[in-house]
Amino acid sequence: MAELAAELKVSVQTIYDLRSKGRGPRGFRVGTQLRFRKSEIDAWVHRMELADEERHSGGVL
């Protein structure tokens with residue numbers, strides 16, 4: 001979790017908050033630790049980029 005937060009330059013709490021709102025990357029637990037597949041992180045970042053593009057283009061892509 002800390003590595004993902006550092007890569008995105010956000011706090012760990014931001015990642016938890018996004019996940020709790022259903023807007024974060026899909027993850028899974030190994031014991032008490034939350035883990036993410038690299039492919040899921042990449043897909044999630046891509047979805048965020050597309051959503052941001054759409055917002056800034058007025059919905060016209």
Side-chain angles (χ1 to χ4, degrees):
M1 182 74 75
E3 290 174 14
L4 176 57
E7 181 179 329
L8 297 175
K9 295 179 175 67
V10 299
S11 69
V12 171
Q13 188 61 52
T14 296
I15 303 297
Y16 277 116
D17 291 346
L18 287 168
R19 279 185 45 81
S20 72
K21 294 175 184 173
R23 295 182 48 220
R26 287 181 285 182
F28 57 95
R29 292 213 176 263
V30 176
T32 60
Q33 300 291 312
L34 186 58
R35 302 285 186 211
F36 303 97
R37 291 184 189 275
K38 178 71 171 133
S39 60
E40 176 55 33
I41 293 169
D42 292 342
W44 173 63
V45 168
H46 182 72
R47 289 190 304 269
M48 287 193 309
E49 289 171 340
L50 290 176
D52 190 59
E53 262 182 46
E54 189 172 325
R55 265 192 310 278
H56 292 292
S57 69
V60 179
L61 289 180

Discussion item. What's the separation between atom OG in S57 and atom CG in L50, rounded to the nearest 0.5 Å?
Written reply: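 With rounding to 0.5 Å, OG (S57) is 10.5 Å from CG (L50).
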
Item to complete: Look up atom CD1 in I41 and atom CZ in R26, then write down how far apart they are to the nearest 0.5 Å.
Response: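 The distance works out to 12.0 Å.
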
Worksheet item: Side chain of W44, backbone of S39: donor and acceptor closer than 3.5 Å?
Response: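 Here the side-chain-to-backbone pair does not exist.
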
Practice prompt. Answer with yes or no whether the side chains of H46 and D42 bring together a donor and an acceptor at under 3.5 Å.
Written response: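 No, no side-chain donor-acceptor contact under 3.5 Å.
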
Item to complete: Report yes or no: do L8 and L34 belong to one cluster of Ile/Leu/Val/Met/Phe/Trp/Tyr joined by side chain heavy-atom distances under 4.5 Å?
Response: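 As far as the 4.5 Å side-chain criterion goes, L34 and L8 are connected within one cluster.
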
Does the side chain of [Y] come within less than 4.5 Å of [X]'s, by heavy atoms?
{"X": "F36", "Y": "M1", "value": "yes"}
{"X": "V10", "Y": "L18", "value": "no"}
{"X": "E53", "Y": "R55", "value": "no"}

Worksheet item: So, is the end of the R37 side chain (NZ or CZ) under 6.0 Å from the ring centre of F28 and within 45° of the ring's axis?
Response: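 Cation-pi check for R37 and F28: passes.
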
Discussion item. Is it the case that atom CD in E3 sees more than 12 heavy atoms from other parts of the structure closer than 6.0 Å?
Written reply: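 No, CD of E3 has 12 or fewer neighbouring heavy atoms, counting only those of other groups under 6.0 Å.
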
Practice prompt. Run through M48, R47, R19 and flag the one making a side chain to side chain contact (heavy atoms under 4.5 Å, CB included) with P25.
Written response: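 It is R19, the one option of M48, R47, R19 that forms the side chain to side chain contact (heavy atoms under 4.5 Å, CB included) with P25.
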
